[in-house]
Amino acid sequence: MSTVELIATILGGLTVGSALMVVLSTHPVRSVLFLILTFFMISANYIMLNAQFIAIVNIIVYAGAIMVLFLFVLMLLNLSKDTEPKTSVLMKISAAIAGGVLATVLVAALKDAAFETIENADNTIGLVEQLGMLLFDKYVLPFEVSSILFISAMVGAVLLSKKEKQIID
Amino acid sequence: MSIQQLLPLLLLFPLIGAFINGTAGKKLPKIVAGSLATLMTFVSFLIALTIFLNLDQPVRSLLFTMIDIDSLHLDAALYADNLSMWMTLIITGVGSLIHLFSMGYMSHDKGYYKFFTYLNLFIFSMLILVLGSNYFMLFFGWEGVGICSYLLIGFHYDDEQKGLLNGLAARKAFIMNRIGDLGLLIGLFLMLLSFGTLEYEQVSRMVLVDKILPNGNMLFAITICLFIGATGKSAQIPLFTWLPDAMAGPTPVSALIHAATMVTAGIFLVVRSNYLFHYAPFTREIILYIGLATSIVAAFIALRQNDIKKVLAYSTVSQLGLIFVALGLEAYTTAIFHVTTHAFFKALLFLGSGSVIHAMSGEQDIRKMGGLKDKIRITHITFLIGTLAISGFPLFSGFYSKDEILGYAFGHSLTIYILLVISVTMTAIYMFRLYFVVFHGTFRDSKDVEHHVHESPLSMTLPLMVLAVLSVIGGVLNLPGIFLHGSGTHFLNNLLNKNVAGLDQIHNVHPDHTTTLILMGVAVAICLTTLFISSIVYKKKGSVPSEDAQLSAWETFSNKKMYWDELYDILFVKPIEWFSKVFYTIVDSFILSGIIEGVVRTVAFSGDIVRKWQTGKVNSYILWMVFGIIGFITYYLIKL
Amino acid sequence: MDTALLVEKSILILILFALSLGIAAYQTYFERKVAAWMQDRIGPNNAGPFGLLQPLADGGKLFFKEDFVPANADKFLFMIAPGIAMTVSLLTSVVIPWGPDIVAFGRTISLQVTDINIGILFIMGITSIGVYGIMIGGWASNNKYSLYSAIRASSQMISYELAMGLSVITVVLMGGSLSLREIVEAQHGFNWNIWYQPVGFIVFFVCSVAECNRAPFDMAECESELITGYHTEYGAMKMGFFLFAEYVNLFIASTVISCLYLGGYNFPGMDYFEGNLLSVISILVLFTKIVLVIFTFMWIRWTLPRFRYDQLMGLGWKKLIPIALINMVITAVVIAFTRGWFN
Amino acid sequence: MEGTLLNSGVSLQFYIILATIIFCIGVLGVMIRRNAIIILMCVELMLNAVNLLMVAFSNYHGKGDGQIFVFFIMVVAAAEATVGLSILVLLYRNRKTVDIGLFNKLKD
């Protein structure tokens, strides 16, 4: 096992561990914090995969914005361990079995998938220049459409959280 | 400009008029809206005249291709030959006169602009009907005039007293026409099936030149279907009852649509397809007898009608029957000749009646009129001319056209001739009765109404005068051989035979001169005798049509329209209602509802059971989903 | 792996670590002096000459105070919150180019820990994480004022990060790169970005003030309303960490402003020098700029009163973001023209 | 070794399995947690597992398209999180809970 493989394995283990803690923490705020940790781990994995730009964007977008939002909402609603709804034991057991079986089956299905080695690989694909060219050339329409999605999401969020008009009674 | 370019223009003007009046008409002053519509029709007439004078060979003008698939090619194209142009001249010529008349007649109506929109739209549809280059275009126009007719019959649908009846009359016309249209449509499909095309040119070439004919049964089916269409539009037995009811529309509408133009569509269709009918003698036979029966029945009914427009309506039906007799005898040019003269004098009579009604402040019952001859002089004289023309008074237009039909009928069979003479005699009787009762004797309505009686404005009397002149001299269009030995005779005959497909192949034997003279003598004698008797009965004695209660048996039979409507009621409406009731009680409320409610109950019941699974909790849903995914993947893993 | 490089980088990191802490410590002294000067007082003057040992005394005091955790606080989070704040604020300095390369011991030594090609994004990312220290600290204290403070801080940070990012884009456009070194080198001599981007500079500066939680944007602290907000319940060295983090942030913010807009280590007439001399002068120039910017921060703090919360959000969303957006569009169009992209 | 990733000896298989496990953890989270916010977070976790896989394949193929897709997934995730959270805040205002087991008005 080479050093890189060792690092990758340890990183993978940490990623899985922190992801598992997201689910298992009984405290919602701790769940959020573990999720942030998971995102950092995933960013590290991105760097391992030569995707520096995506890695930093992952941190800015997920850890820096989305998770702040989650934490913000949790704090705003003042949710803590006491208010955390309990799940029935039966449900927990069946869920654990289902999740475990799903993971096993998926891994079993993907384990033997064969991939041929691709020779003409380019290790500069993760750079901003390359991604920028791709984004504004081949994917310019989805890019523009995603901006519309953002606008509508923003308008939707503002509309929903306006206090004056109660939508649901 | 070539004729190809002029043809679309001809159609365009009425459409423009309809568009402008339909969109902006409400804001336009009445005089502008009316003048616009009239002008558009008149411009069309002028273009038609130009084309007509320059037309030598049939001209086809392609507008655009409607359908172009492997097995079917349909063009929106226009086709001009002497037949269609002759019809176009009648439509636009008489049409513009009637537009002019309407400007005066409708001047107090609030739906003025709407009326002219419909009229222009009607002219447009009618032009498509006659100018279309294939049966599909004809059908398009056919439906177009149907809609315009519907709209115009029910034009006063919001009338306080008769609005509902007007609406019902419009619907009756529409539905009855649908029956005929279905026949026509089936005919077109059959034609498409056997010829593979609907183009006049191609069909006629196949039949006349290449002699490719479908077998007899198919040809019979096609022609009879076309004829069923014609009976609907041209008000023949059994589909004629809508036309008298259609008199609910404004009088100019009756004149334009239900006397001069639209009702001749069926005749146009038959003349257009003459080569098909030529090879279907049995259909021709049917046409002959249907026409004969229609003519006699309608004339009989007209004898004891007391509504001025109803008399004219039945008269129209009767005359159309007469024309169909001509068609049945393959005397196509004669038919067109009578269509032409009929358009003149029937439009004249309808407009004259409109003028009378206008003078009588809307009264239509002839029993309340009388002695109008001095009060509305121009109307009186023109109406008299119309009456003489339709009754076959010597040297008036109707005399010649009717005489030709009688001549051919005589050549065919004596029985038919005699029956036709009866019909013609009845025509003379009811027309003179109408004339004398309305214009002679004493005024029979209240003083108040009498005080208001006045001659119509120039816009109404001018068309009357023009049409009166045409009714007098219309006969020269097709003078029989015994007059003016030379080139002037049989003008229309020669014209139509020149370039209309099929017509030149038919050689009807004109009766010889002696026979013609004898027949004319008979006709003149009948007319004069009727005139004499009528004048004695209604003028000298001053008889007035008696009230309904005092009528004798046959009179009641005539007055009640031979109970046609009641007959239809018993034959069709009642059984349908009965069936509906049976179906409603048994099939609908019992079987169908039972099935549907059973289904609903089953669904509700099983839903109640399955609902227990729908916990409304995302967790359990995704749990089931995961199990499903696991199942799928496992299945594929095992399969691999 | 090159051992010398490792040693060299480790030394640089240690120097930066010490420097950040030292500067942060002496910023407290500086701030007091500035405040005193502006309020016509003397300020700290007992500990050492001119009170120069005051930060050490403060540090000692914080260090030896009783370290306690409130009864209902989330202990673990309460403990790690200051650590997060501190770590995050120290992280940023690794991408800052402190000066031109130095040649020593036969090696060319870069005065930048790492020149990653997305350095400016790295700074943005780290700044966006900086809020977690405050949020977790405020929440874990189980004190409603602290919670308010945490919520305020998070919304303030998110709001001002947007305008900040938008104004940074103009700098990226000017420099044509996301790498901080390239951006700085593009401002060679007196060719500083501030001359081309005055509006962007102002927006960025205002946002930096807000991101550092300094007056007039110190919503998260505001003694009069929230009793110093998120660190109400903190004491001893945990409190010290928060304070240190704040001052380190101030230092880094000043550095970034200097690098992005004030030309970094560039100075007019730098072409007359070369070699290590140039490097030394450059470093001194950079630090001069940093000190000036820090002074401006303090000047503003002691001059302006605090914003009201809604005014703060209004300023961020309704003024700075539109201004930054317009500025960005104009810059992009002008650059496209001057570089002939439309031809 | 087949399917080896660029610049590292790590095989593609490793990342596939890693992503699968993270994804399954996300699914597990949705199943056993009843706090709606945590469920949203678990959805984010699943999305990130997909992102990881995308980046791995992008690296393996030497094409940037996969990373662009990660970009778009982030866009969608951000939009989804904002709208989802605002809906949850609204729901909390009305029901005073974020327990999805209690959001069952449609059921009755």
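Just so we're clear, the structure is a prediction, and the values are computed from it rather than from any experiment. Each chain gets a letter, A, B and so on, in the order the sequences are listed, and its residues count up from 1.
With chain D as the partner, the residue from A:G99, A:A157, A:G100 showing the most heavy-atom pairs under 4.5 Å is A:A157. Taking D:V30, D:D65, D:L40 one by one and counting their heavy-atom pairs under 4.5 Å with chain A, the maximum is reached by D:D65. Here D:N48 is the residue among D:T20, D:T82, D:I32, D:N48 with the most heavy-atom pairs under 4.5 Å with chain A. Taking A:L149, A:V158, A:L24, A:T38 one by one and counting their heavy-atom pairs under 4.5 Å with chain D, the maximum is reached by A:L149. If you tally non-hydrogen atom pairs under 4.5 Å between each of D:V83, D:I21, D:V55, D:V27 and chain A, the highest count goes to D:V55. No other option in D:V75, D:L88, D:I22, D:L28 has as many heavy-atom pairs under 4.5 Å with chain A as D:V75. Counting heavy-atom pairs closer than 4.5 Å to chain A, the top-ranked of the candidates D:I38, D:L52, D:I17 is D:L52. Of the listed residues (A:T15, A:L69, A:V61, A:I7), the one with the most heavy-atom contacts under 4.5 Å to chain D is A:L69. Ranking A:A65, A:A103, A:P142 against chain D, the residue ahead of the rest is A:P142, based on heavy-atom pairs under 4.5 Å.
To the nearest 0.5 Å, the span separating OG on A:S94 from CE on D:M31 amounts to 8.0 Å. Summarising the geometry, atom CD1 belonging to D:I68 is positioned 10.5 Å from atom CG belonging to A:D137; distances are rounded to the nearest 0.5 Å. In this structure, SG in D:C42 is found 8.0 Å from CG in A:L35, a value given to the nearest 0.5 Å. Once rounded to the nearest 0.5 Å, the distance linking CE of D:M41 with CG of A:L74 reads 7.0 Å. Within the model, atoms OG of A:S25 and CZ of D:R33 stand 7.0 Å from one another, a figure rounded to the nearest 0.5 Å. For the atom pair CZ (A:F70) and CD (D:E44), the distance works out to 5.0 Å, reported to the nearest 0.5 Å.
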Review point. Can A:V107 and D:I16 be said to form a side-chain contact (heavy atoms from CB on, under 4.5 Å), step by step?
Key: CA-CA 8 Å; A:V107 169; D:I16 291 174; over 6 Å; no
**Study point:** From CA spacing to verdict: side-chain contact (heavy atoms from CB on, under 4.5 Å), D:L47, A:Y62
**Key:** CA-CA 11 Å; D:L47 284 172; A:Y62 271 113; 4.2 Å; yes
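Summarising the geometry of D:F14 relative to A:T9, their closest heavy-atom pair is CZ-CA, 3.8 Å, with the distance given to 0.1 Å. Heavy-atom minimum distance, D:A81 versus A:I66: CB-CG2, 3.7 Å. Nearest approach of D:I25 to A:A19, heavy atoms of both residues: CG2-O, 3.4 Å.
Of the candidates A:N58, A:I54, A:L131, A:V57, D:V70 forms a side chain to side chain contact (heavy atoms under 4.5 Å, CB included) with just one, namely A:I54.
Using a 4.5 Å heavy-atom threshold, the side chains of A:N45 and D:L18 count as touching. Taking the side chain as every heavy atom from C-beta outward, A:Y46 and D:N59 never approach each other to under 4.5 Å. The side-chain heavy atoms of D:C24 and A:L106, taken from C-beta on, include a pair separated by under 4.5 Å.
Both the backbone and the side chain of A:F143 come within contact range of chain D, with heavy atoms under 4.5 Å apart. Only the side chain of A:M67 has a heavy atom closer than 4.5 Å to any heavy atom of chain D. For A:V32, the parts sitting under 4.5 Å from any heavy atom of chain D are the backbone and the side chain alike. Using a 4.5 Å cut-off between heavy atoms, A:L102 contacts chain D through both its backbone and its side chain. Heavy atoms closer than 4.5 Å to chain D are found nowhere in A:S147, neither backbone nor side chain.
Taking the ring centroids of D:F69 and A:Y139, they lie under the 6.0 Å cut-off.
Residue pairs meeting the ring-ring contact (aromatic ring centres under 6.0 Å, His included) criterion with at least one partner in residues 18-48 of chain D, sequence neighbours excluded, are absent.
The side chain to side chain donor-acceptor pair (under 3.5 Å) check on D:Y92 picks up nothing, with sequence neighbours excluded.
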